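Everything on this sheet refers to the single structure shown next.
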Amino acid sequence: MADGFSAALIGWHRREGRHDLPWQRDPTPYRVWVSEVMLQQTRVGTVLPYFVRFTDRFPDVRALAAADSDEVLHLWSGLGYYARARNLHRAARMIVERHGGRFPETFDEVATLPGIGRSTAGAILALSMGQRHPILDGNVKRVLCRYHAVTGWPGSAETGRRLWELAAAHTPEREVSAYTQAIMDLGATLCTRARPDCDRCPLREGCLAFRNGSQMQFPEPRPSRALPLRRCRYALIRRPGSGELLLQRRPPAGVWGGLCCLPELPDGVEPRAWCRERFGLEVSLLEPRPGPAHTFTHFRLQMQLQPMEVRGETDIVMEQEGLLWYKEGRRQAVGIPAPVRRIIRQLELESPP
DNA sequence: AAGTCGGGGTT
DNA sequence: AACCCAGACTT
């Protein structure tokens, strides 16, 4: 598509784009990979401190591959989509085993790694090695939808196909790295969802939505549907004296997979009998109270909290797999979902151990 | 092709 | 409070 699209973008980015993000400093495949995975469904501002901590602790593939899975999840804790962290860790070990620790350099090898799809594979190879591959993340989708006035929700298969064609057609033969950085930056800084700054946009002249004054019509929103409400009860079991809180590791798959969470009381069970059978703990019950509500992509969770007081011996739970007495500030290297962290923090605030 | 997976910023 | 974001994976 010889229409000056990429040239205009590259020129704009050279003059006004961002060049000082941490992953732009030393754009090795490893660093670009980590940044791209963290940036999946997550904004730059949120990722910044996580990226610095993560690459400081794990400066290369081998360091990550050698790491303990709990520590990886710990450094990810709060970012969300924890399958990304598990996949990153798995992929690092695969790179060490299959590729001798050297990041693969062909699209198929990269796209085969867990957690790396078509767009992220293209971004890694384009940004770190200048290989010509299109990308299609949220920013690029928005820019292309407006520029070409593409109708339909970008998440649908049909619209997605159309957008991939356009993305490939616009990707230049040379300066692919600069172009890739530029189109993402444009979407993140000028061609934003709410108030696009068309006055400063290098693509203004050819943009169909701008010509029609219909910027806000694109991209079309996801079809909405009502979120089902689910309820769950969490046991608040504090250890007498130390104030430590009992946490339980969740199964590897599903919501909060592999993270440490408050023990979940199954529906209908009597808490005291459950604690005796499940943990071997004798407890007395305090007044239950509502916890926070948490909204996921596909349902809303209303949490109930059941505080308890331990009556007898507490060492018994230490012998069980997947259980730990957790204390804020002790810096135990485990991952804890954000809403659970909020509960813990609140608890220590209202009744310090 | 549709559903699952978090958390936080924006409006 | 609703919507969305540097998506990928499973079914």
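The chains referred to below are lettered A, B, ... by the order of the sequence lines, with proteins before strands, and numbering in each begins at 1. Nothing here was measured: the structure is a model prediction, and the numbers come from that model.
An OP1 or OP2 oxygen of C:dA6 is reached within less than 4.0 angstrom by no side-chain nitrogen or oxygen of A:Trp23. The phosphate of B:dG8 has OP1 or OP2 within less than 4.0 Å of a side-chain N or O from A:Arg342. Within the 4.0 Å cut-off from OP1 or OP2 of B:dG6, not a single side-chain nitrogen or oxygen of A:Arg250 is found. OP1 or OP2 of C:dA8 sits under 4.0 Å from a side-chain N or O of A:Thr120. Residue A:His298 places at least one side-chain N or O closer than 4.0 Å to OP1 or OP2 of B:dC5. For the pair A:Arg222 and C:dC5, the criterion of a side-chain N or O lying under 4.0 Å from OP1 or OP2 is not met. Look at A:Tyr50 and you won't find any side-chain N or O under 4.0 angstrom from OP1 or OP2 of B:dG7. Of the side-chain N and O atoms in A:Gln40, none sit less than 4.0 angstrom from OP1 or OP2 of C:dA6.
Note: CE (A:Met38) to P (B:dG8) measures 14 Å, nearest angstrom. Spacing between atom CD of A:Gln302 and atom C1' of C:dA1 amounts to 15 Å, rounded to whole angstrom units. Look at CH2 on A:Trp33: it is 16 Å from C1' on C:dA6, rounded to the nearest Å. Between the CZ atom of A:Arg84 and the P atom of C:dG7 there is a distance of 9 Å, rounded to whole Å. As rounded to whole Å, 13 Å separates atom C1' of C:dC5 from atom CD of A:Glu36. When rounded to the nearest whole Å, the span between CG of A:Leu88 and P of C:dG7 equals 16 Å.
With respect to A:Arg57 and A:Glu71, a salt bridge is recorded, a charged nitrogen being found less than 4.0 Å from a carboxylate O. Under the 4.0 Å criterion applied to side-chain N and carboxylate O atoms, A:Glu16 and A:Arg200 are assigned as salt-bridge partners. At a threshold of 4.0 Å, the pair A:Asp56-A:Arg53 does not count as salt-bridged, since none of the basic side-chain nitrogens sits closer than that to a carboxylate oxygen.
Of the C1' atoms belonging to B:dG3 and C:dA6, the separation is 23 Å, rounded to the nearest Å. Of the P atoms belonging to C:dA8 and B:dG8, the separation is 22 Å, rounded to the nearest Å.
Between A:Phe299 and A:Ser156, it is A:Ser156 whose nearest contact on DNA chain B lies nearer the 5' terminus. Nearest-nucleotide assignment on DNA chain C puts the 5′-proximal partner with A:Asp137, out of A:Leu113 and A:Asp137. When the nearest nucleotides of DNA chain B are assigned to A:Ala194 and A:Gln41 by heavy-atom distance, the more 5′-ward of the two goes with A:Gln41.
Residues A:Thr151 and A:Glu220 have side chains that never bring a donor and an acceptor to within less than 3.5 angstrom of each other. If you check the side chains of A:Glu244 and A:Ser242, you find a donor sitting under 3.5 Å from an acceptor.
Between A:Trp76 and A:Tyr50, the gap from one ring centroid to the other reaches at least 6.0 Å.
Counting any heavy atom pair closer than 4.0 Å across all strands shown, A:Ala83 reaches no nucleic acid atom. Using a 4.0 Å heavy-atom criterion, one finds that A:Leu79 contacts the bases of the nucleic acid, with or without backbone contacts as well.
Looking at the side chain of A:Thr297, the nearest of the listed nucleotides B:dC5, C:dC4, C:dG7 is B:dC5.
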